[in-house]
Amino acid sequence: MLDLKVLRDDPDAVRRSQTARGEDPSLVDAALAADEQRRTAIAGYELLRAEQKSLGKQVASAQGGEKQALLARTKELSGQVKLAEASAREAEEALSGVQLQLSNVVEPDAPIGGEEDFTVLDHVGTPRDFAAEGFEPRDHVDLGKLLGAIDVERGAKVSGARFFYLTGPGALLELALINLAVQQAVAAGFTPMVTPVLVKPPAMEGTGFLGQAAENVFHLEQDDFYLVGTSEVSLAAYHSDEILDASALPLRYAGISTCFRREAGTYGKDTRGIIRVHQFDKIEMFTFCKPEEAVAEHQRLLAWEKQFLDQLELPYRVIDVATGDLGSSAARKFDIEAWIPTQGKYREVTSTSNCTEFQARRLGIRMRHGDRTSPVATLNGTLVAIPRVIVAILENHQRPDGSVRVPAPLQATLGTDVIQPR
RNA sequence: GGAGGCGUCGCCUAGUCCGGUCGAUGGCGCCCGCCUGCUAAGCGGGUUGGGGUCUUAAAGCCCCUCGGGGGUUCAAAUCCCCCCGCCUCCGCCA
């Protein structure tokens, strides 16, 4: 949710941002008009209500005929107050309806354009030249089968498309990655958190996932629960309707959770393997900080993501996601994409977003500084999304015989430095 | 799932039976001041959050806020209904 003050004082900036995202700039004018109506309605209601209260007090002490006269007036007022209150509430709802449709204002340095208009900020590592090594790389599905690490057939049998089992070394790989990620996060000062994966509507709405992203969210109709697509949701809502001590910021949490995604509208996309699945586990970094520190914190989150991938010796690049491809809450987003040899391209493995005060305003998360309160900034970043990192490890570290080299920090949990075909 | 109890402006708490003087009591904590070799104690004052209005800004004024929503009433923390959360006991169950 955007600050009404910004909307009133600098509507052009919001219009420009909407346009850069490929969204409707006229929403700004609709919001301003709704705000105007709301304020008029509130003023009307409050005037009547003030009169009702002051007359009510006189009724209490008045006697006889005077009391009867007052009662006649207040009875009439009572109905008027109810009507005015209803129209004030209607106007409030109309405004928040428009306000909820407006996306966050993008950072000025974010590249303008659609999905393909990102800019590449960094390349780390070099993709292996399998041709020079003299063999054709296997993809992660074949490797997973060969190693007894991934079972997509039975995943489909039991739960349908886009479900899978991690078996044997695959399961151990997940545990090793989670351990490594949590250890790194704790060392960096994050509080590790195991979070709920079912949340009530306000948490989902507050984090901005019920807008354009709504079709990708699982909803349990009978109980009105949503399944989170990321622990970002439960972590952001953790402090909802709270006033935080500004001196205690930043608060950094590492969420450990399963994530659920409907992947609607992706039929035919990544149907093979475990790149795009309905359920996976993920460690997510989440920060509450002062708005003026958000940009610097965003860089720190990105640095922690790189630190993690560096240890796994994966070639990757960092991209600055273009305005048209940002989530509604994000002002800026950096993705890290790991090299996937059998696809011959880089694929997203992490994503970090600066949501500035957008989520905090919706969720009622403020900080106290001096004698006033104001919204905090929230940021999130993937430390590890298990399936995609497993894909990257298997494919990048494979050897001609189908065995896979295990990066050093994972060897203890795996109990070996090479995963051998079964 | 069943029965009962509870939910008040950071924490604790009075008030709810019997509607108006609650524009919410007191304590703790915190902030400011006085006193004071220093500290503590003592004394005085302040201390929910949101919105509207006016203003360069502040102050002021007004409205809302007693878990949430609805109802009764001229008037609701207080009466009625629904919901949510917490606690205790019973049942069931990893």
Side-chain angles (χ1 to χ4, degrees), chain A residues 1-10 31-100 194-206 219-226 234 237-249 251 257-258 288 291 357-376:
Chain A
M1 188 156 60
L2 296 178
D3 190 353
L4 275 176
K5 217 166 278 168
V6 169
L7 215 51
R8 288 179 208 144
D9 295 347
D10 196 359
L32 287 173
D35 179 42
E36 194 62 45
Q37 279 184 27
R38 160 184 156 270
R39 287 192 281 168
T40 306
I42 286 174
Y45 157 69
E46 287 186 355
L47 208 65
L48 287 169
R49 176 66 180 149
E51 188 184 353
Q52 182 187 40
K53 283 179 69 174
S54 92
L55 289 180
K57 255 161 226 146
Q58 295 174 43
V59 169
S61 55
Q63 298 293 327
E66 190 193 357
K67 184 161 189 162
Q68 291 314 308
L70 279 170
L71 280 178
R73 285 170 61 193
T74 50
K75 272 181 183 164
E76 187 189 344
L77 250 185
S78 177
Q80 292 175 8
V81 167
K82 272 195 179 113
L83 286 176
E85 186 181 13
S87 72
R89 190 173 41 223
E90 251 169 57
E92 296 256 22
E93 278 163 10
L95 171 62
S96 72
V98 181
Q99 235 180 328
L100 284 175
V194 176
T195 68
V197 294
L198 296 179
V199 299
K200 294 188 286 182
M204 201 51 88
E205 176 152 273
H219 182 221
L220 301 187
E221 197 82 34
Q222 192 173 355
D223 302 287
D224 203 15
F225 276 126
Y226 289 96
S234 3
Y238 184 67
H239 286 300
S240 56
D241 296 317
E242 290 182 20
I243 300 176
L244 307 171
D245 184 353
S247 66
L249 301 175
L251 290 173
S257 89
T258 302
F288 299 89
E357 299 105 293
F358 188 84
Q359 289 179 334
R361 207 170 270 119
R362 291 180 172 211
L363 290 165
I365 308 170
R366 289 158 292 169
M367 59 179 182
R368 187 188 306 283
H369 42 106
D371 56 353
R372 60 182 57 194
T373 64
S374 61
V376 300

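Throughout, a chain's letter reflects where its sequence line sits, starting with A, and its residues are numbered from 1.
Spacing between B/C28 and B/G91 at atom C1', rounded to whole Å, works out to 42 Å. Rounded to whole Å, the C1' atom of B/G33 lies 27 Å from the corresponding atom of B/G49. Rounded to whole Å, the separation between the C1' atoms of B/C18 and B/C93 comes to 47 Å. Taking the P atom of each, B/G4 and B/C82 are spaced 13 Å apart, rounded to whole Å. Rounded to whole Å, the separation between the P atoms of B/A14 and B/A75 comes to 30 Å. Taking atom P in both B/C30 and B/G10, the straight-line distance is 16 Å, to the nearest Å. Nucleotides B/U21 and B/A77, compared at atom P, are 9 Å apart to the nearest Å. Distance check on atom C1': B/G7 versus B/U65 gives 16 Å, rounded to whole Å.
Taking atom CD of residue A/Glu92 and atom P of nucleotide B/C63, one finds them 17 Å apart after rounding to whole Å. When the P atom of B/G49 is taken as reference, atom CE of A/Met367 falls 15 Å away, rounded to whole Å. When the P atom of B/G49 is taken as reference, atom CG of A/Leu363 falls 20 Å away, rounded to whole Å. As a whole-Å value, the separation of A/Arg39 CZ from B/G50 C1' is 16 Å. Between A/Asp224 atom CG and B/G68 atom P there is a gap of 20 Å when expressed in whole angstrom units. B/C64 atom P lies 13 Å from atom CG of A/Leu47, rounded to whole Å. With rounding to whole Å, A/Glu242 atom CD is found 15 Å from B/G50 atom P. Between A/Asp245 atom CG and B/G10 atom C1' there is a gap of 11 Å when expressed in whole angstrom units.
Between A/Leu95 and A/Leu4, some side-chain heavy-atom pair lies under the 4.5 Å cut-off.
Side chain of A/Ile42, nearest nucleotide from B/G52, B/G49, B/C63: B/G52. Distances were taken from every side-chain heavy atom of A/Ala43 (C-beta onward) to each of B/C62, B/G49, B/G52; the shortest belongs to B/G52. Closest to the side chain of A/Arg368, out of B/G52, B/C64, B/G49, is B/G49.
Put simply, A/Arg38 has a side-chain N or O that comes within less than 4.0 Å of OP1 or OP2 on B/G52.
When heavy atoms are screened at a 4.0 angstrom cut-off, A/Arg366 is found touching the sugar-phosphate backbone but no base atom.
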What pairs of donor and acceptor atoms, side-chain ones from residues 71-83 of chain A against any protein atom, are under 3.5 angstrom apart with sequence neighbours left out?
| unit_1 | atom_1 | unit_2 | atom_2 | d |
| --- | --- | --- | --- | --- |
| A/Thr74 | OG1 | A/Leu70 | O | 3.1 |
| A/Thr74 | OG1 | A/Leu71 | O | 3.0 |

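Taking A/Arg366 as the reference, nothing meets the side-chain hydrogen bond (donor to acceptor under 3.5 Å, both in side chains) condition, with sequence neighbours excluded. Here A/Phe225 pairs with nothing under the ring-ring contact (aromatic ring centres under 6.0 Å, His included) rule; sequence neighbours left out. Under the side-chain hydrogen bond (donor to acceptor under 3.5 Å, both in side chains) criterion, A/Ser54 pairs with no residue at all, not counting sequence neighbours. Shown here are the salt bridge (Lys or Arg N to Asp or Glu O under 4.0 Å) partners of A/Arg8, two or more places apart in sequence or in another chain: A/Asp35.
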I'd like to know whether A/Arg362 forms a side-chain hydrogen bond (donor to acceptor under 3.5 Å, both in side chains) with A/Gln359, so could you lay out the CA-CA distance, the side-chain angles of the two residues, the decisive distance to 0.1 Å, and finally the verdict. CA-CA 5 Å; A/Arg362 291 180 172 211; A/Gln359 289 179 334; over 6 Å; no
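In this structure B/C6 sits in a base pair with B/G85, meeting the Watson-Crick or G-U test at under 3.5 Å. Across every strand in view, B/G29 sits in a pair with B/U47 that passes the Watson-Crick or G-U test at under 3.5 angstrom.
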Per-nucleotide protein contact string for nucleotides 70-85 of chain B, where B marks a base within reach and S marks sugar-phosphate only (heavy atoms under 4.0 Å, - for neither): S--BBS----------
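The residue among A/Asp35 and A/Ile243 whose nearest nucleotide of RNA chain B lies closer to the 5′ end is A/Ile243.
Atom OH of A/Tyr226 is surrounded by more than 12 heavy atoms from other residues, nucleotides or ligands within 6.0 Å.
Using a distance-only test at 3.5 Å, with no hydrogens or angles considered, a donor-acceptor pair links the side chain of A/Ser234 to the main chain of A/Pro196.
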